[in-house]
Structure formats: structure tokens, C-alpha cells
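In this text, all values refer to a predicted model and were calculated from it rather than measured experimentally.
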Amino acid sequence: MAGMMVFKTVEEALKCGYQVWDRTATGYLVRTRTPNGWALALVELRGSRI
């Protein structure tokens, strides 16, 4: 089973081909288009991970 990518910076996510999609309480939700649809990832800027 695949896990969710978690980036430490927006710049890191952008370099991997993701685009900012929404804001979260501790960072951003980012997405990229794949042959199978959208792939989501998190950018955690502060706070602890749940």
C-alpha cells in the first residue's frame, strides 16, 4: 500500500512537480496529475504530524 508524501517546504514540493491546492492548519495540501488521476501530498511547515 502506498503512503502519502510529506514535504518540509513548498519549494521541495514544487521541484517534484506538485502544485499548491489548498491550505491546512499546519501547511499546504499539494497535488500533481498522474496517469491514474491526482496524487495528493502534504507540506508540513509547523507543528507535529498526526
Side-chain angles (χ1 to χ4, degrees):
M1 176 163 67
M4 179 173 266
M5 292 284 299
V6 179
F7 296 101
K8 293 182 180 180
T9 66
V10 173
E11 292 80 12
E12 183 181 3
L14 295 176
K15 285 181 186 177
C16 290
Y18 286 82
Q19 59 183 243
V20 175
W21 187 44
D22 201 3
R23 178 124 181 137
T24 68
T26 58
Y28 296 95
L29 184 63
V30 293
R31 68 182 183 174
T32 190
R33 190 75 167 157
T34 72
N36 295 323
W38 290 102
L40 299 176
L42 293 172
V43 177
E44 289 289 320
L45 299 177
R46 56 191 153 89
S48 61
R49 294 189 181 141
I50 297 172

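Annotation for Ala13 and Phe7: closest pair CB-CD1, 3.6 Å, computed over non-hydrogen atoms. Closest approach of Leu40 to Tyr18, counting heavy atoms only: C-CE2, 4.4 Å. Closest of all the heavy-atom pairs between Gln19 and Leu14 is CA-CD2, 4.3 Å. Nearest approach of Val10 to Val43, heavy atoms of both residues: N-CG1, 3.7 Å. Looking at every heavy atom in both residues, Ala39 comes nearest to Thr34 through CB-CG2, 3.8 Å.
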Would Arg33 and Trp38 count as a side chain to side chain contact (heavy atoms under 4.5 Å, CB included) here? Give the steps. CA-CA 5 Å; Arg33 190 75 167 157; Trp38 290 102; 3.1 Å; yes

Between Leu42 and Leu29, does a side chain to side chain contact (heavy atoms under 4.5 Å, CB included) hold up when you go through it step by step? CA-CA 5 Å; Leu42 293 172; Leu29 184 63; 3.9 Å; yes

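A distance of 5.5 Å separates OG1 in Thr24 from CD in Glu44, rounded to the nearest 0.5 Å.
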